[in-house]
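Below is one structure, written out as structure tokens, with a few remarks after it.
Start at 1 with the first residue, then count along the sequence. Just so it is clear, the values below take in all heavy atoms, side chains as well, and ignore hydrogens, waters and symmetry mates. Keep in mind the model is a prediction, meaning the values are calculated, not measured.
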Amino acid sequence: MDILWGSVILVLSLLAWGGQAIAWLAPTAAERFGLIEERSSVEPVYWADIRGEARWDTLTLWTLVIAGILLIFGSDEWAYFGLVGGGSYAYFAGRGVSARMAMQRRGFRIGTPSNIRVGYAFLIVWGVMALVTIAMAINQLR
């Protein structure tokens, strides 16, 4: 079970962390790959927000990548990275959903309808992954 969940954590967290790293370091490429919304389809303030978010997420979301690797290799240390990383991803997902919902309610352009749906779907998946990982890490540390 640890190898399976470690693999899930690794793949999903690499998608988030890697996507945010590309969005921060190469936003034009990120647009082209569909990792972020096209600049022309969003409000300027939203564009600035997702760029800042990408920078911060690149600096913080690596912790769950490490947790996944450690879990796959059977290291008990994974739980500490799982708690920190799980908390970071829970915040990332919750803030992402909340901010997007608030902006949509106020009529701000935050992307095409399909990009918005995909964004919500991934944020929810990452949030669930975070909560399951936190629960598993707490159980491991008991």
More than 12 heavy atoms of other groups within 6.0 Å of Ile3 CD1
no
The reported gap from CG in Leu10 to CD1 in Ile66 (rounded to nearest 0.5 angstrom) is 9.0 Å
Query raised in the report: Same hydrophobic cluster for Met101 and Ile116, using side-chain heavy-atom links shorter than 4.5 Å among ILVMFWY?
Result: yes
Closest heavy-atom pair, Leu70 versus Phe81, reported as atoms and distance to 0.1 Å, is CD1-CD1, 3.5 Å
Quiz item: Between Thr58 (side chain) and Gln20 (backbone), is there a donor-acceptor pair under 3.5 Å?
Solution: yes
Separation between CH2 (Trp62) and CG (Asp57), nearest 0.5 Å, reads 14.0 Å
Heavy-atom closest pair (Thr60 atom, Ser88 atom, distance to 0.1 Å) is O-OG, 4.4 Å
message: Is it the case that the side chain of Arg51 and the backbone of Ala23 share a donor-acceptor pair, with hydrogens and angles ignored and the cut-off at 3.5 Å?
response: yes
Here the gap from Arg117 atom CZ to Phe122 atom CZ, rounded to the nearest 0.5 Å, amounts to 14.0 Å
Interatomic distance, CG@Leu64 vs CD1@Ile9, rounded to 0.5 Å, equals 5.5 Å
Co-membership, hydrophobic cluster, residues Trp78 and Leu14, 4.5 Å side-chain:
yes
Any link between Ile22 and Val11 through a network of hydrophobic side chains (Ile, Leu, Val, Met, Phe, Trp, Tyr) touching at under 4.5 Å? no
Rounded to the nearest 0.5 Å, the CZ atom of Phe92 sits from the CH2 atom of Trp56 at a distance of 14.0 Å
_Quick check: is Val8 connected to Trp17 through a chain of hydrophobic side chains (ILVMFWY, heavy atoms under 4.5 Å apart)?_
yes
Shortest non-hydrogen pair, Trp24 vs Arg55, comes out as NE1-NE, 3.2 Å
Grouping ILVMFWY residues whenever side-chain heavy atoms fall under 4.5 Å, the cluster of Leu83 otherwise contains Tyr80, Ile134, Ile138, Leu141
Between the OG atom in Ser13 and the CG atom in Leu61, the distance rounded to the nearest 0.5 Å is 8.5 Å
**Study point:** Hphob cluster co-occupancy, Leu71 + Phe73, side-chain heavy atoms under 4.5 angstrom
**Key:** yes
Ignoring hydrogens and angles, write down the donor-acceptor pairs under 3.5 Å from the side chains of residues 34-49, residues two or more places apart or on other chains.
unit_1: Ser41; atom_1: OG; unit_2: Glu38; atom_2: O; d: 2.9
unit_1: Glu43; atom_1: OE2; unit_2: Arg109; atom_2: N; d: 3.1
unit_1: Tyr46; atom_1: OH; unit_2: Arg100; atom_2: NE; d: 3.2
unit_1: Tyr46; atom_1: OH; unit_2: Arg100; atom_2: NH2; d: 3.3
unit_1: Asp49; atom_1: OD1; unit_2: Arg95; atom_2: NH2; d: 2.7
unit_1: Asp49; atom_1: OD2; unit_2: Arg95; atom_2: NH2; d: 3.4

Table please: side-chain donor-acceptor pairs of residues 124-133 below 3.5 Å, with sequence neighbours left out.
unit_1: Trp126; atom_1: NE1; unit_2: Leu12; atom_2: O; d: 2.9
unit_1: Thr133; atom_1: OG1; unit_2: Trp5; atom_2: NE1; d: 3.2
unit_1: Thr133; atom_1: OG1; unit_2: Met129; atom_2: O; d: 2.8

